[in-house]
S.K.: 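Okay, here's the structure, questions in a sec.
Every number for a ligand or one of its atoms is a count from 1 in the order of the listing.
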Amino acid sequence: MSPSASYSEINLPSEKLADLRTISLHKLQAGSISEQDLLLQACIEDGFFCLDLTHPRFSPLLSDVDAVFKLSKDLFNYPTDIKTLFDVDKVSDLKTNGYKPKGRNVVAKDGKSDGFESWVLPRNGLLQLTNDPFSHPPAIASNLHSLCGLVQGLSSAAYTIFSSLSTSLALPAGQRFEDFQRLSCPAPDILRLLKYHADANTNCLPQTPHTDMGSLTFVFSTRPGLQVLPVGTGQDLGSYDESDWRYVLPRPGHAVVNIGDCLSIMTNGLLKSALHRVGPVAGYAMPERYSMAYLMRPEDQTMLRALDSPFIPRTVSNGDDVVTSGEWIRKKFKALRGQKDAGNFDQILTGGRGVLA
Ligand SMILES: O=C(O)CCC(=O)C(=O)O
Ligand SMILES: [Fe+2]
């Protein structure tokens, strides 16, 4: 088969596929104990799972996903001079709003740059939770209904997931995950629309390996491309092998969900924040690919330290290294802004490990 064979023609060997658990949001919401246990297991063992949204009650959410994919195509089809009016580095401080052209950031030590355009939208701006500036083009203004529906639907799915995990870990009142991401309070969550460009080079790496630095991420796509590194393959030490990557296949009516660094820190590593990346299937060209990621982050005042739970391993800390989530995000930016050639801001913002050494 030629490197440009269509993805539907590619028959991936099953041992190369990520064997992710499927969690039904409907069953979680109905209080199923076995689903709750399965969710905890997935977060401890993989840091990734597939979220089944096929129950009819989630049809409005899936319609919003479709509408936002359509919007995404319209946005990336805008002429370059319009897109650059909303340059993420000009219209927002912490990259929480605006457009990033392809190739702006370095993704590999050899200096190669990224292979995707992105457009980031802030939850605070969409839901009018703060008065922070939120400049955006007409296509976004005319799709606010779907964008807000999507963000609210995913925030509510996250509430169910957080609350299930909090119960499983016997977290005390006031220290439950959902207490740090309240539905009506401002939080620096972002909706990230992505367009990966086709690339004939079978060795291209459009997006660098990274972990997401927030709490929980939901990803939707209709094309393969997402790859995860199984927990236990030397992620922390960087001693994994290229052959360790596993492909996550998109499934209609499902989101791919993963744990971010903040939840991992708050559970002292019990819940895993796994390395992932986007790239072509080995030996094939990279096809054009649209995806969207809703990257959730704890409210700014959240202390990033291990929570009280009989299941969370304790560490001895003098407290000096505890920071709030807001400080942590700012610190990362400051460190990077002062670091010539660090380039890779978007990945750093969304990921704490596994990026440029
Ligand atoms: O495009 C994807 O499938 C993944 C996106 C991602 O990992 C991110 O935005 O952090
Ligand atoms: Fe990510």
S.K.: List ligand 1 atoms under 4.0 Å from Val219, heavy atoms only on the residue side.
M.R.: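 What qualifies from ligand 1 is 2 (C), 3 (O).
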S.K.: Would you mind running through ligand 1 and noting each atom that sits below 4.0 Å from a heavy atom of His276?
M.R.: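 Those qualifying, in numeric order: 7 (O).
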S.K.: Pick whichever of Met292, Lys195, Gln207, Arg277 has a heavy atom sitting closest to atom 6 (C) of ligand 1.
M.R.: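 Shortest heavy-atom distance from atom 6 (C) of ligand 1: Gln207.
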S.K.: What atoms of ligand 1 come within less than 4.0 Å of a heavy atom belonging to Ala293?
M.R.: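 Reading through ligand 1 atom by atom, the close ones are 9 (O).
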S.K.: With sequence neighbours excluded, what pairs up with Gln152 under the side-chain hydrogen bond (donor to acceptor under 3.5 Å, both in side chains) test?
M.R.: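 Checked Gln152 against side-chain hydrogen bond (donor to acceptor under 3.5 Å, both in side chains); zero matches.
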S.K.: Measure the distances from the heavy atoms of Tyr196 to every atom of ligand 1 and state whether one is below 4.0 angstrom.
M.R.: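 The answer is yes: ligand 1 sits under 4.0 Å from a heavy atom of Tyr196.
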S.K.: Using a 4.0 Å cutoff against the non-hydrogen atoms of Arg192, which atoms of ligand 1 qualify?
M.R.: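 Listed by number with element, the hits are 8 (C), 9 (O), 10 (O).
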S.K.: Output the distance between atom CG (Leu263) and atom CD (Gln181), rounded to the nearest 0.5 Å.
M.R.: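 Interatomic distance, Leu263 CG to Gln181 CD, rounded to 0.5 Å: 7.5 Å.
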S.K.: Which single N/O/S atom of Asp212 lies at minimum distance from the Fe ion (ligand 2)?
M.R.: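 The Asp212 atom nearest to the Fe ion (ligand 2), restricting to N, O or S, is OD1.
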S.K.: Checking Lys27 now: which residues fulfil salt bridge (Lys or Arg N to Asp or Glu O under 4.0 Å) with it, not counting sequence neighbours?
M.R.: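 Salt bridge (Lys or Arg N to Asp or Glu O under 4.0 Å) list for Lys27, sorted by chain: empty.
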S.K.: Please report the interatomic distance CZ(Phe134) to CG(Asn124), rounded to the nearest 0.5 Å.
M.R.: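 Between Phe134 CZ and Asn124 CG, I get 10.5 Å after rounding to 0.5 Å.
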S.K.: Under 4.0 Å from any heavy atom of Asp212, which atoms of ligand 1 are there?
M.R.: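 Ligand 1 atoms under the 4.0 Å threshold to Asp212: 10 (O).
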S.K.: Measuring from atom CD of Glu242 to atom CG of Leu229, what distance do you get when rounded to the nearest 0.5 angstrom?
M.R.: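 Reported value, rounded in 0.5 Å steps: 9.5 Å.
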S.K.: When you look at NZ of Lys16, are more than 12 heavy atoms from neighbouring residues, nucleotides or ligands closer to it than 6.0 Å?
M.R.: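 Buried by this count: over 12 neighbours within 6.0 Å.
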S.K.: Applying side-chain contact (heavy atoms from CB on, under 4.5 Å) to Ser291 and Arg289, what does each step give before you reach the verdict?
M.R.: CA-CA 7 Å; Ser291 66; Arg289 176 178 185 268; 3.7 Å; yes
S.K.: Just which atoms of ligand 1 are under 4.0 Å from any heavy atom in Val278?
M.R.: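 Ligand 1 atoms under the 4.0 Å threshold to Val278: 1 (O), 2 (C), 3 (O), 4 (C).
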